[in-house]
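If you read the sequence from its start, that first residue is 1, and numbering goes on from there. In listed order, ligands and their atoms are each counted from 1. Atom set for the values below is all heavy atoms of this structure, side chains included, hydrogens, waters and symmetry mates excluded. Predicted model, so just to flag it, every value in this text is computed and none were measured.
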Amino acid sequence: MYDILIVGGGPAGMTAALYGSRANKSVCIIEKGAFGGQITSSPRVENWPGTVQMSGSDFGNQMAEQILAAGVDVEIETVIDIRNEGAYKVVVTEDGGYHKGRAVIVATGVKHRRLCLPGEEQLIGNGVYFCAVCDGAYYKDKSVAIIGGGNSALQEAVLLSEICSKVFVIQNLPEFTGEMKLREAVMGKPNVSVKFGTVVERYITEGNKLCGLQLVESAYGVKSEISCDGVFLAVGLKPENEVFAELAELNDYGYFASGEDCLTRTPGFFVAGDCRSKNVRQLTTAVADGAVAALAACSYIDGF
Ligand SMILES: Cc1cc2nc3c(=O)[nH]c(=O)nc-3n(C[C@H](O)[C@H](O)[C@H](O)COP(=O)(O)OP(=O)(O)OC[C@H]3O[C@@H](n4cnc5c(N)ncnc54)[C@H](O)[C@@H]3O)c2cc1C
């Protein structure tokens, strides 16, 4: 039996592991893929305080090295269920195994929705991105397209219009769904061109470099092409928290409805990082949650 089991080896989960282990708790972290989480898709991280620049995979690797050195056990498994047995929890994995822990921290992050077009996986982090705040600066004075029409897409359009020479916004619906103020801000930008009722049909590449998009107008099926150097997908985020819904309340969007304290309605069950309800999903906020959740788990175990 571990003191703390952590589900998800992204920045939030690994920070929780570090804090738990430094508080002399036995800690095991269970990750279904590669340690590091979403950030491993980013070629450059430039907003991690104290480091001018590093790749997302270096960031993930360094965190993984740090938790291994701190004595954290790691398992590569997919968690499919967590059972509450009162004094301890049972974390069930896809291969039929299980682990027991006095406290559990879920830090399963989010998945950015994708267009699921051919070649997309290879382009992610290399022409196709999810975060203008993080990656927009690489497209200074270049042409980019934003896919989506909600608040995130509009915020990204405003930001990118101040960096890039040309910004296309491709929205499948006949109008934006984001806030009116943001719509007005986007429509007032001289270098932004909006295509409503239009979907992306294909990424156009030269070699392995993105150079444009093939579009199709939904109503009449008219096809067209645009040239662009980068694409930012803002078609929604997808938490995968349903399997844990018995232990913690989910909000309308599927995020854990927990606050900055990372607590849930189940004693000994904590949530951290992008998987919980919050306004800003970044490395800094994820690692902050990891620390808060781990210290809350330690207090729970120690009976404070
Ligand atoms: C391309 C890209 C670039 C970005 N660039 C920046 C940037 O420059 N600066 C910045 O601050 N932020 C950036 N972000 C955002 C940042 O990466 C996230 O905010 C941060 O990774 C959230 O950390 P997390 O640990 O909460 O979740 P995640 O990073 O999503 O990690 C969750 C982990 O849980 C694992 N997991 C999920 N379900 C299970 C399960 N059932 N069983 C076991 N394991 C599971 C996943 O495999 C994953 O490894 C970027 C995001 C992307 C996608």
Side-chain angles (χ1 to χ4, degrees), residues 5-18 28-60 63-64 67 74-82 91-95 97 99 104-114 120-121 123-138 152 156 230-234 237-244 254-256 258 262 270-294:
L5 286 173
I6 297 166
V7 184
M14 288 200 281
T15 304
L18 183 66
C28 176
I29 182 165
I30 307 166
E31 164 59 47
K32 71 176 176 183
F35 279 85
Q38 295 166 57
I39 198 62
T40 55
S41 331
S42 174
R44 276 164 297 190
V45 178
E46 292 183 337
N47 61 359
W48 178 250
T51 304
V52 176
Q53 190 195 87
M54 71 177 133
S55 73
S57 53
D58 280 351
F59 182 87
M63 285 194 97
I67 60 164
V74 299
E75 297 286 351
I76 304 291
E77 289 165 356
T78 300
V79 172
I80 55 165
D81 192 19
I82 300 176
V91 171
V92 182
T93 56
E94 200 172 41
D95 59 7
H99 304 272
V104 172
I105 299 171
V106 165
T108 44
V110 287
K111 275 184 115 68
H112 285 260
R113 289 183 200 277
R114 295 161 190 223
E120 189 172 60
E121 282 304 312
L123 288 169
I124 286 172
N126 186 30
V128 175
Y129 303 89
F130 300 99
C131 174
V133 174
C134 318
D135 300 311
Y138 312 133
S152 302
E156 304 229 318
V231 169
F232 288 81
L233 301 182
L237 295 170
K238 202 171 135 238
E240 295 177 305
N241 297 333
E242 294 79 14
V243 290
F244 311 117
Y255 292 99
F256 291 115
S258 297
C262 300
F270 307 88
V271 294
D274 279 12
C275 63
R276 78 166 179 86
S277 158
K278 54 165 71 180
N279 291 329
V280 180
R281 290 193 168 82
Q282 290 278 277
L283 292 172
T284 45
T285 58
V287 301
D289 274 11
V292 169

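Interatomic distance, Leu237 CG to Gln38 CD, rounded to the nearest 0.5 Å: 7.5 Å. The structure places CD1 of Ile30 at 9.5 Å from CD1 of Ile6, a figure rounded to the nearest 0.5 Å. Of the inter-residue distances, the one linking Ile76 atom CD1 with Ile29 atom CD1 reads 9.5 Å to the nearest 0.5 angstrom. For the atom pair Glu94 CD and Lys32 NZ, the distance stands at 9.0 Å (nearest 0.5 Å). A distance of 12.5 Å separates OG1 in Thr40 from CE in Met63, rounded to the nearest 0.5 Å.
Taking both residues in full, the closest heavy atoms of Tyr255 and Ser277 are given as CB-N, 3.7 Å, listed atom of the first, atom of the second, then distance. Between Arg113 and Phe130, the shortest heavy-atom contact is O-CE2, 3.8 Å. In plain terms, the two heavy atoms of Gly273 and Ala12 that are nearest each other are CA-CB, 3.7 Å. Residues Glu31 and Gly8 come closest through the heavy atom pair OE1-C, 3.7 Å. Residues Cys262 and Ala272 approach most closely at SG-CA, 4.5 Å, considering heavy atoms. Ser258 and Arg276 make their closest contact through O-NH1, 3.2 Å (heavy atoms, listed as atom of the first residue, atom of the second, distance).
For the side chain to side chain contact (heavy atoms under 4.5 Å, CB included) with Ile82, the lone residue among Val106, Val92, Leu5 that qualifies is Val106. Here the options are Asp135, Leu123, Leu233, Ile124, the test is side chain to side chain contact (heavy atoms under 4.5 Å, CB included), and the partner is Tyr129; only Asp135 passes.
Among the atoms of Pro11, some N or O lies under 3.5 angstrom from an N or O of ligand 1. At least one N/O-N/O distance between Val79 and ligand 1 falls below 3.5 Å. Residue Gln38 places at least one N or O, backbone or side chain, under 3.5 Å from an N or O of ligand 1. Considering backbone and side-chain atoms alike, Thr78 places every N or O at 3.5 Å or more from each N or O of ligand 1. Of the N or O atoms in Gln282, one or more lie within a sub-3.5 Å distance of an N or O in ligand 1. Residue Leu283 has at least one nitrogen or oxygen atom sitting less than 3.5 Å from a nitrogen or oxygen atom of ligand 1, judged on distance alone. Between Ala12 and ligand 1, at least one N/O pair is under 3.5 Å apart. Taking only nitrogen or oxygen atoms, main chain and side chain alike, Asn47 reaches within less than 3.5 Å of ligand 1.
Contact atoms of ligand 1 toward Gly273: 26 (O) (distance under 4.0 Å to a heavy atom of the residue). The distance from ligand 1 to the heavy atoms of Ile39 drops below 4.0 Å at these ligand atoms: 4 (C), 5 (N), 6 (C), 7 (C), 13 (C), 14 (N), 17 (O), 50 (C). Per-residue contacts place Ile30 under 4.0 angstrom from the following atoms of ligand 1 (heavy atoms of the residue considered): 43 (C), 44 (N). Close approach of ligand 1 to Val110 (heavy-atom distance below 4.0 Å) involves ligand atoms 30 (O). Counting the atoms of ligand 1 from 1 in the order shown, those under 4.0 Å from a heavy atom of Gly37 are 29 (O), 31 (O), 48 (C), 49 (O). Interface atoms of ligand 1 facing Arg281, defined by a heavy-atom separation under 4.0 Å, are 19 (O). Of all atoms in ligand 1, numbered sequentially from 1 with element shown, those under 4.0 Å from a heavy atom of Ala286 are 22 (C), 23 (O), 26 (O). Counting the atoms of ligand 1 from 1 in the order shown, those under 4.0 Å from a heavy atom of Ala107 are 32 (C), 33 (C), 34 (O).
Ligand 1 has no atom lying under 4.0 Å from any heavy atom of Glu240. Not a single heavy atom of Met14 lies less than 4.0 angstrom from ligand 1. Residue contacts with ligand 1 include Asp135, since one or more of its heavy atoms lies under 4.0 Å from the ligand. Gly125 does not count as a contact of ligand 1, since none of its heavy atoms falls under 4.0 Å from the ligand.
With a 4.0 Å heavy-atom cut-off, ligand 1 is reached by no atom of Lys111.
For atom 43 (C) of ligand 1, the nearest protein heavy atom (residue, atom name, distance) is Lys32 N, 3.3 Å. From the protein, the heavy atom lying nearest to atom 27 (O) of ligand 1 is Gly109 CA, 3.3 Å. The nearest protein atom to atom 6 (C) of ligand 1, hydrogens excluded, is given as Cys134 SG, 2.9 Å; this is a heavy-atom distance. With respect to atom 33 (C) of ligand 1, the closest heavy atom belonging to the protein is Glu31 OE1, 3.6 Å. Here the heavy atom of the protein found nearest to atom 38 (N) of ligand 1 is Thr108 CG2, 3.4 Å. Scanning all protein heavy atoms for the shortest distance to atom 31 (O) of ligand 1 gives Gly10 CA, 3.4 Å. Nearest protein heavy-atom contact of atom 34 (O) of ligand 1 is Gly8 CA, 3.2 Å. Ranking protein heavy atoms by distance to atom 20 (C) of ligand 1, first place goes to Asp274 OD2, 4.0 Å.
Among residues two or more places apart in sequence or in another chain, the side-chain hydrogen bond (donor to acceptor under 3.5 Å, both in side chains) test is passed with Thr285 by none.
With hydrogens and angles ignored, the 3.5 Å screen pairs a side-chain donor or acceptor of Glu156 with a backbone N or O of Ala132. With Arg281 contributing its side chain and Cys275 its backbone, the two residues share no donor-acceptor pair below 3.5 Å.
The aromatic rings of Phe59 and Trp48 lie perpendicular to each other, with more than 60° between the two planes, well past the 30° mark.
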